[in-house]
Structure formats: C-alpha cells, structure tokens
Amino acid sequence: MSVTIRDVAKAAGTSAATVSKVMNGSYSISQETTDRVNKVMEELDYHPNLRARNLAHKSSMTVVVVTTLGRNVGFQNPHMFEMMCGIEHTLSKKGYSLIIKSMMPEEAVDYVRQSFETKSADGFILHASVISQELDEMIYQKEIPHLVIGMPDFDSHFCWTDVDNKYAGEVAAKYLLTCGYCSVAYIGGTEKDHTSMHRLDGVVSILNQHDVIRPKNYVQYGESVPETGYAMTEQVLSGDKRPEAIICANNYLAYGCYKALHDLNIKIPDDIGVLSFDEYPFSQILDPQLTVVNIDMYDLGAEAGKTVLQIIKKPKMHVQSYITYPTVIERSSTKKIQ
C-alpha cells in the first residue's frame, strides 16, 4: 500500500497540516521541523502528486526570470548567472521551479500576461533590461506578483530591488582615503550608464566631505571596454599632477587602465593605486591582483528569490528597496601610504 501524508505526519511526530505546509514551502514552519519532515519523506519514499497538488492550489509552483540574453552574455555580464544561481537555490528549497526566458522588452508584456493568465507561472523576476511603462501598467492593473532586479529609470508601480551603487562608491572612496591616498581619479562608463554614475556620485560625495580637490581631467566617461579604459587613463595622466589612485567603474575599464599604466612604465601600486568594483571577470588574473569593492550577487539573487515568494503569497505587497552587501577585497593594486 502506498505511503500517505498521514503516515509521514505520524513518523515525523507532527500533523498532516504541518507536512502539507512543509511541502508548500511555508515560512511559518521552523527549519528543524522542515528538515525532520523532509527526512521522513525520504525514508518512507513518499512522493506527493505534485501535479494534483498544484491544480488543487491553482499554482504552477514556477517562477520565471525574464531577461535579455544573447551570445557572449556570460562574459559580458557574469553577475547575471551568479544572481540566477542564488534565485534558484532559494526557490528550490521551497519547492518552486525556475524558468529562464530571454526576450526583447516589446515582447515582455504579452508573455507575462499570457503566462500569468494561463497559470503557467505564479510570479516573475524581471531584469531591468526588459521593463517598460506598458509592462508596468499591465502588471499593476492585473496585480501580477513580480520583482524587478534593478531600479527602473522611470516612475513606476513596479516592485524592485537593486544594489545601492552610490553606497558602494562611498565605500571605495573611504577605503582609499583610509589607506592614505590624497588625490583620486575616476574613469567610468558613459553618462547613460546608471551603475557607473551612481558609483561616481558615491565617490564624489566622500571626496567632497574631505575637501579632496579633483582637477577637471580626473573624471572621465566612456564606453566600458578596455580600449576606452586605456584612453581615459591617458587623459587622467595628462594634467600637471598625477593622481595617487584611480577608481575604475568596472573590470573592463580596469583592464585598460592597467595596460596604459604598464605601457607608461608606471608601477602599480608603488607609483599609483588602482581600485575597481566587482570580482569578475578580471580582478584575480590581473597582475598585480586588483583590489575591489565587491557585491555578493549570489546573495542578492537569494534575497530576490525570497522576496518574490513573499509577494506571490501576498500579491498586494509592495517592495522598493536596495540590497547592498559591499565589502572591500584588498589585494596588491593598493597599499597603505605612510
């Protein structure tokens, strides 16, 4: 005779309702009880009819990540996959499956609407690259559980979470000042690159607090590619006084900065310190290894997964917040100045 949910409850010393809550990923059940019930289900070889359970609960137990993917995206944006790993880890612990869909912003409105109306998905995690005002209005009207990764650059009803890049910039500037650097330059992305600009805002706010003077050539903007990083570093060094440290908005610009300094026979960190943001993709393979302000993107994904599950349970819940875990990983591209 097949094992029933009551058999599991009896063996685990709990109620059938508690076993059901464990299978449904309820946050009201302690981790100790959850582990005990899961262990009993494994020992008794209990396999609930997930399809029947989902139909009864009118739930697909599925969350879809909607983003824009393409060739070389793993190299261009390695953080995306760290986030997805964190999301999947959180969802799987609660019995949810993760689907990844790639599309252009103009396709997202119909896809999200149809997936929700046909109950193909319970909720959606949307990358900022696919959002639009039309998508915002549709989701708001239909009360679709969702979470946007990245703060929208327009007024919206979206639930969203993002890294506080301004704060990360503040951490970078404070670290360099603590090391003893008295003049700091910044090479960043274009003025449309919100991540770079927010990091610059944080850097500037701290430098202003400490009355650190920045010559005009100490702040440069350009495309986030090594070649531009090389050219911007040359511009930073073109003035009468050389900065003691350069902050690069990302690893690609840091790569170009390193090459420029090497070609000019300027030693890192003896002659000039270099700091960037994020671990990937070059920080540990550059010579000397790069000091970075890093955000744990896996944890960000895990928190995003937890938040979207809460929104699925409470569709009227509204979340707009930053998640920030910036830490300085000190390596050989900076030093303490006496």
Side-chain angles (χ1 to χ4, degrees), residues 79 163-189 195-220 224 226 229-230 232-297 299 324-338:
H79 298 143
V163 172
D164 189 343
N165 283 296
K166 183 176 186 293
Y167 181 62
E170 293 174 359
V171 170
K174 287 178 181 178
Y175 167 77
L176 290 177
L177 293 177
T178 300
C179 287
Y181 293 101
C182 296
S183 57
V184 178
Y186 183 92
I187 62 173
T195 296
S196 173
M197 295 304 295
H198 289 155
R199 288 171 173 175
L200 174 60
D201 288 345
V203 170
V204 169
S205 69
I206 296 300
L207 296 184
N208 286 343
Q209 288 178 26
H210 291 80
D211 297 322
V212 176
I213 298 174
R214 299 181 314 283
K216 186 176 180 180
N217 64 303
Y218 273 23
V219 177
Q220 299 289 327
S224 291
Y230 188 107
M232 288 193 289
T233 301
E234 289 183 316
Q235 286 298 313
V236 164
L237 300 174
S238 65
D240 296 332
K241 187 177 179 182
R242 187 167 75 194
E244 294 178 348
I246 298 176
I247 297 176
C248 306
N250 56 60
N251 276 209
Y252 294 95
L253 296 176
Y255 188 98
C257 176
Y258 263 53
K259 192 172 189 309
L261 295 176
H262 178 269
D263 290 350
L264 293 168
N265 294 315
I266 297 174
K267 296 181 179 179
I268 306 170
D270 294 340
D271 300 328
I272 196 165
V274 180
L275 177 146
S276 187
F277 298 86
D278 311 322
E279 272 283 72
Y280 301 103
F282 303 125
S283 67
Q284 295 187 59
I285 62 174
L286 288 172
D287 184 20
Q289 289 191 343
L290 184 60
T291 295
V292 298
V293 175
N294 189 54
I295 305 293
D296 191 329
M297 305 306 287
D299 274 356
T324 307
Y325 307 103
T327 56
V328 176
I329 301 177
E330 188 175 39
R331 298 198 179 97
S332 305
S333 68
T334 54
K335 66 176 183 178
K336 304 292 183 183
I337 296 178
Q338 301 297 325

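As the structure is a computational prediction, the values presented were derived from the model and not from experiment.
One finds the CD1 atom of Ile266 at 7.5 Å from the CD1 atom of Ile246 (value rounded to the nearest 0.5 Å). One finds the CG atom of Leu261 at 9.5 Å from the OH atom of Tyr230 (value rounded to the nearest 0.5 Å). With rounding to the nearest 0.5 angstrom, the CD1 atom of Ile187 is 5.0 Å from the CG atom of Leu253. Interatomic distance, NE2 of His198 versus CG of Asn165, reported as 7.5 Å (0.5 Å rounding). Of the inter-residue distances, the one linking Gln220 atom CD with Glu234 atom CD reads 11.0 Å to the nearest 0.5 angstrom. The structure places CG of Asp278 at 10.0 Å from CG of Leu290, a figure rounded to the nearest 0.5 Å.
Within the 4.5 Å cutoff, no side-chain heavy atoms of Ser196 are placed close to those of Leu200. Considering only heavy atoms from C-beta on, Val212 comes within 4.5 Å of Leu177 through its side chain. No side-chain heavy atom of Met297 sits under 4.5 Å from any side-chain heavy atom of Glu279. Side-chain contact check for Ser333 versus Leu286: every heavy-atom pair is 4.5 Å or farther apart. Looking only at side-chain heavy atoms (C-beta outward), Val219 and Val204 stay at 4.5 Å or farther from each other. You'll find the side chain of Leu237 reaches within 4.5 Å of the side chain of Pro243, heavy atoms only. Contact annotation: the side chain of Ile295 never approaches that of His79 to less than 4.5 Å [non-hydrogen atoms, C-beta and beyond]. Two residues are said to be in side-chain contact when any heavy atoms from C-beta on lie closer than 4.5 Å; Ser283 and Arg331 meet this criterion.
In this structure, Tyr255 and Phe282 have tilted ring planes: the angle between them lies in the 30° to 60° band.
The shortest non-hydrogen separation linking Ser332 to Pro288 is CB-CB, 3.6 Å. Of all non-hydrogen atoms in Arg214 and Asn208, the two that sit nearest each other are NH1-OD1, 3.0 Å. In plain terms, the two heavy atoms of Val293 and Ala168 that are nearest each other are CG1-O, 3.9 Å. Considering every non-hydrogen atom in both Asn217 and Gln235, the closest pair reads ND2-O, 3.2 Å. Residues Ala172 and Leu275 approach most closely at CB-CD2, 3.6 Å, considering heavy atoms.
Side-chain N or O atoms of Ser276 include none that pairs as donor or acceptor with a backbone N or O of Val292 at under 3.5 Å. A donor-acceptor pair under 3.5 Å is formed between the side chain of Asn251 and the backbone N or O of Phe277.
In this structure Glu170 satisfies the salt bridge (Lys or Arg N to Asp or Glu O under 4.0 Å) test together with Lys166, sequence neighbours excluded.
Counting only N and O atoms by type, the side chains of Tyr181 and Thr334 include no donor and acceptor under 3.5 Å apart.
Other residues, nucleotides and ligands contribute over 12 non-hydrogen atoms within 6.0 Å of the NZ atom of Lys335. Heavy-atom neighbours of Tyr218 OH from other residues, nucleotides or ligands within 6.0 Å: above the threshold of 12.
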| message | Would Arg199 and Thr195 count as a side-chain contact (heavy atoms from CB on, under 4.5 Å) here? Give the steps. | response | CA-CA 6 Å; Arg199 288 171 173 175; Thr195 296; 3.6 Å; yes
| said: If you apply the rule side-chain contact (heavy atoms from CB on, under 4.5 Å), what do you find for Val274 with Cys248, and how did you get there? | reply: CA-CA 7 Å; Val274 180; Cys248 306; 4.0 Å; yes
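Remark: of the listed residues Val184, Leu207, Thr291, Val184 is the sole one forming a side chain to side chain contact (heavy atoms under 4.5 Å, CB included) with Leu176.
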